[in-house]
There are 2 protein chains.
Amino acid sequence: MPRAGLSPDAVVRLAIEVVDAGGPTGFADLTLAKIAAKAGVAAPSLYKHVGSLADLRREVTVIAVRELTAVATSATVGRAGAEALRELATAWRTYALDHPGRYAATQIGPDPDDPADATLRDAAAESVQVVVAVLRGFGLPDDRVIDAVRAVRAGVHGFVTLELGGGFRMREDVDQSFTVLLDMLVAGVAALAPSAAPPGDTATGSRP
Amino acid sequence: MPRAGLSPDAVVRLAIEVVDAGGPTGFADLTLAKIAAKAGVAAPSLYKHVGSLADLRREVTVIAVRELTAVATSATVGRAGAEALRELATAWRTYALDHPGRYAATQIGPDPDDPADATLRDAAAESVQVVVAVLRGFGLPDDRVIDAVRAVRAGVHGFVTLELGGGFRMREDVDQSFTVLLDMLVAGVAALAPSAAPPGDTATGSRP
DNA sequence: GCCGTTTGGCTAATAGGCGTAGCTTTCTGG
DNA sequence: CCAGAAAGCTACGCCTATTAGCCAAACGGC
């Protein structure tokens, strides 16, 4: 008969705790029953604060995407060019490794047609804008920026998803492999600029 | 009272049909009930042919990984260097786009400790070996091969997962972006070789 | 051709998930 | 102080997977 003092935000916070506790599959394994247990409440009571499990998952995803945007942004303030790109990618990977469940949540793509996904679409677009901003520092032609952004996103996202999924044996050397990937991306993006001369280091040299 | 004529293989075949019918989320949405409905059989009857849903999913995953290995292999026979890498990556992406559900199945990593995952581990290792073989043609030092393999896997896998997940707006230009990514990977891998000179072309390659 | 065994289907039932309906209790605002 | 909103609850319906036990169809030996 006592009240648990829940609120929509509190439920989302508990959901994130459950996600964090579940490792890389924490988001996939998120369940209303677990949240209710953690809140000390019967499962149907959660519907007083949340529309559905799908809604709750969407809110968790939005928060995770915004967190990722925030760490990426703060990793690149005051930096430019290759250094900014390296810091961005490193912060991105660090967030994924520190919060694997939340990072898995960010992989949920918004439905372009569903109005309920509008804020998620916005959050996702904002996170891409951080990459765009960093790559603008390379002086790329406008029509090449999108290709560079996609390559960087693909490389970093692919790397961390493979890493989180256990796709890499020999865990010791993973940091070095990530550095090599960043070298490739930095050099590759720089090579897209018309007038050679990358604004920062190149680490592996550039090609004509 | 008539018999449906099922077998373990037939059940797996039906499972793959269900996966294929479900688009990118077909694997996540795979359910014994759907398979049973497609077979014209009650759900518990499937247990005469399959150990559990987890077993069945594992078998689907193994098949998908082997298919991916096969298309990657046949795309690279008789080719070497940059051309082989481009064809490998293109075949990889084509498989993912043609069979999004099956490609999603390949993303589940084997548990390194679970003996039931042994054949999946082997299949996954075989698929990585295709990339290793292609990259060997670049004349990399042994301790750089692993970094190059990881970078290629990360780039291609990241690209197709983002593409399948709807992470790219403006669908028209995706082919070009993939080509740009391949340019970066080819140049980046070539740059890892001690004696400059990439063995194949360096410009943007071909594609139908 | 017949009998016994294996095999492949079935129904019934358990356990756990989401979600709805409706009741009761607690808090709050006038 | 009391009415009504808010936040719990239980009971239920429907969907999963999975187990247990039954029954009929197919098959092997003779």
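Chain letters run A, B, ... following the sequence lines, proteins first and then strands; every chain starts at 1. Keep in mind the model is a prediction, meaning the values are calculated, not measured.
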Closest nucleotide among C:dC10, D:dG8, D:dT10 to the B:S45 side chain: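 Side chain of B:S45 sits closest to C:dC10.
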
Starting at atom [atom1] of [X], determine the distance to atom [atom2] of [N], rounded to an integer number of angstrom.
| X | N | atom1 | atom2 | result |
| --- | --- | --- | --- | --- |
| A:D29 | C:dG17 | CG | C1' | 13 Å |
| A:I35 | C:dG17 | CD1 | C1' | 13 Å |
| A:L46 | D:dG8 | CG | C1' | 11 Å |

With sugar-phosphate taken as primed atoms, P, OP1 and OP2 and all else as base, the protein-contact string of nucleotides 17-23 of chain D at under 4.0 Å (heavy atoms; B, S, -) is SBB----

Do B:Q107 and B:F27 have side-chain heavy atoms sitting under 4.5 Å apart? no

Hey, is A:R144 close enough to A:D147 for a salt bridge, meaning N to O under 4.0 Å? no

When you check the gap from the basic side-chain N to the acidic O, do A:D111 and A:R58 get nearer than 4.0 Å?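 No salt bridge links A:D111 with A:R58.
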
Qualifying residue for side chain to side chain contact (heavy atoms under 4.5 Å, CB included) with B:L85, from B:T90, B:L182, B:V134: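 When B:T90, B:L182, B:V134 are each tested with B:L85, the side chain to side chain contact (heavy atoms under 4.5 Å, CB included) holds only for B:V134.
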
Check the pair A:T25, A:D29 against side chain to side chain donor-acceptor pair (under 3.5 Å), reporting the backbone distance first and the verdict last. CA-CA 6 Å; A:T25 66; A:D29 297 344; 3.0 Å; yes

Could one point to a donor on the side chain of A:R3 or the base of D:dA6 with an acceptor on the other under 3.5 Å away?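 Indeed, a donor on one side and an acceptor on the other fall under 3.5 Å apart.
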
Which atoms form the tightest heavy-atom contact between A:A193 and A:L140, and what is the distance? N-CD2, 3.6 Å

A:H49 side chain N/O closer than 4.0 Å to the phosphate oxygens (OP1, OP2) of D:dG8? yes

